[in-house]
2 protein chains.
Amino acid sequence: MPTVSPSANDNPKLSQLLDAAMDVFLRFGFKKTSMSDVAEEAGLSRQGLYFHFDTKEALFKATIEHWIHSMQQETRDAVSEPGKSLEARLLGAFDRSMGRTVGKVGAEAFDLAEASDQLADGIMERALGQFHALLVRTIDEAVASDLSAKSGVCTSDRVDTLLAASMGLKHRTESREAFRRQMLTVVRVVLAPLKLKAASKARS
Amino acid sequence: MPTVSPSANDNPKLSQLLDAAMDVFLRFGFKKTSMSDVAEEAGLSRQGLYFHFDTKEALFKATIEHWIHSMQQETRDAVSEPGKSLEARLLGAFDRSMGRTVGKVGAEAFDLAEASDQLADGIMERALGQFHALLVRTIDEAVASDLSAKSGVCTSDRVDTLLAASMGLKHRTESREAFRRQMLTVVRVVLAPLKLKAASKARS
DNA sequence: ACTAGACAACCATTACCTTTTTTGTAAAGT
DNA sequence: ACTTTACAAAAAAGGTAATGGTTGTCTAGT
């Protein structure tokens, strides 16, 4: 009767397990991934995996939740990385959210969205909303004045644009490097009319 | 031995036929669309269809080419519509290119990109490149000065962003109306730092 | 410039059966 | 906190054969 780890990433071993599981789920999708596949990738036996999770559904739910939570953690970190420009921090956030899976998603993984919606109850929508809010806050905090203020564009609109473009690029770029490169252009375009508060510039 | 109409949309009847064909291809994809399906949608017999096109491949190729050409015609028209603002003209161009298929694409139509690449020899890439160039020209012609010029953002970068965002929205919007609404935000964000030449504003 | 009917060849779908894989449980060991 | 072996039940995969749909051609008609 394994405790279905309520809060996820306290345990580093469990965290590694769920990272491995996500890799496999991204390659094969939910249906075509077997418990043996995940066990092998994670470097433990199938029964060792069942020790942690009673069912494939429970494993998947925990995997998705851990994936979302670690993504949110990483994007929060990226967004507030000290000594970096707003541009670099936003780029880091997109690289660790949308760019995270570029080149890792297999052709048979089309059922992942459906499965995660069904098994993890709309977690994606919520995460997206929170990501949106985080980006708005981040930009607003860094902006001193908006050279295009009179045009009626608000930060939320800017974030909408960033998100739409990142999703477009996610589908059409073949490598994470290409995604990052093209996303940099997008971020620059969207941030261009903003006058930022005095802060240290990027050095990376 | 039907002449595989070299230049497409001279004939209005043929144009209608190819429009109907595209609707069916978008619903069912290339493989799952039968010649009967197209004939029925176009309102003629299957043999009448064979009178125009020897093979399904030839029909598909002509359909894609006609679709691309009419799209380019419409976008060119939209982009130079007199009396409308740059914003409205760009929005019109995106509505008639990317927005054109929103809500019309069926789940089984995933093979269309592959088929058109294979049978129409990279026509999509070329069309995309030309669309990019058209947008750059359109924006450059309407711009008097760029308030964010010092940021190193050029018009091509702006167009990259518009295209990336339009592709992101294309996948995530359920109606053409929603696409247009969200694309309007994107266009506003991207054009915000531009100071336009004196011209009549939109009234629509 | 088409329609109607018929036709062989081919392709896709279905049904059915057999074999393999996978799930989830359990026991015993380290 | 695992591993290995074992096992029943369920699901998926593989093989095969019949069935139905689709393609492309032909002929005859309007």
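Atoms considered below: every heavy atom in the structure, side chains included; atoms not considered: hydrogens, waters and symmetry mates. Given the structure is predicted, the values throughout are model-derived calculations rather than measurements.
A salt bridge is absent between B:Asp157 and A:Arg188: the closest approach of a Lys/Arg side-chain nitrogen to an acidic carboxylate oxygen does not fall below 4.0 angstrom. Remark: B:Arg27 does not engage B:Glu108 in a salt bridge, criterion side-chain N to carboxylate O under 4.0 Å. The pair B:Glu40-B:Arg46 does not meet the salt-bridge criterion, since no charged nitrogen lies less than 4.0 angstrom from a carboxylate oxygen. Salt-bridge check for B:Arg180 with B:Asp95: passed, with a basic side-chain N closer than 4.0 Å to an acidic carboxylate O. At a threshold of 4.0 Å, the pair A:Asp146-A:Arg158 counts as salt-bridged, since one of the basic side-chain nitrogens sits closer than that to a carboxylate oxygen.
Among the nucleotides D:dT23, D:dT3, C:dC2, the one closest to the side chain of B:His52 is C:dC2. Closest approach to the A:Leu44 side chain among C:dC2, D:dC2, C:dG24 is made by D:dC2 (side chain taken as heavy atoms from C-beta onward). Of all nucleotides listed (D:dC2, D:dT23, C:dT22), C:dT22 comes nearest to the side chain of A:Ser34. Closest contact between the side chain of A:Thr55 and the listed nucleotides C:dG24, D:dA1, C:dT3 involves C:dG24.
In this structure, B:Leu18 CG and B:Phe60 CZ are separated by 12.0 Å, a value rounded to the nearest 0.5 Å. Going from atom CZ of A:Arg96 over to atom CD of A:Gln72 covers 15.0 Å, rounded to the nearest 0.5 Å.
In this entry the distance linking CG of B:Leu49 with P of C:dA4 reads 14 Å, nearest Å. Across the protein-nucleic acid pair, B:Lys13 atom NZ and C:dC2 atom P stand 6 Å apart, rounded to whole Å. At whole-Å resolution of the value, CZ in B:Phe51 and P in D:dT30 are 18 Å apart. The nearest whole Å value for the distance from the CZ atom in A:Phe53 to the P atom in C:dT25 is 15 Å. At whole-Å resolution of the value, CZ in B:Phe30 and C1' in D:dT22 are 12 Å apart. When the P atom of D:dA1 is taken as reference, atom CG of A:Leu17 falls 13 Å away, rounded to whole Å. Protein atom CE of B:Met35 is 13 Å distant from nucleotide atom P of C:dT3, rounded to whole Å. With rounding to whole Å, A:Glu40 atom CD is found 11 Å from C:dT22 atom P.
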> Could you run down nucleotides 6-12 of chain C 5' to 3' and tag each one B, S or - for protein heavy-atom contact under 4.0 Å?
Replying inline: B------

> Which dot-bracket notation, 5' to 3', represents the base pairing of DNA chain C when pairs are defined as Watson-Crick or G-U with both distances under 3.5 Å, crossing pairs as [ ], and inter-strand pairs as |?
Replying inline: ||||||||||||||||||||||||||||||

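Cation-pi geometry between B:Lys56 and B:Phe30 is satisfied (NZ or CZ under 6.0 Å from the ring centre, within 45° of the ring normal).
With sequence neighbours excluded, the residues satisfying side chain to side chain contact (heavy atoms under 4.5 Å, CB included) with B:Ser151 are A:Ala192, B:Ser148, B:Val153.
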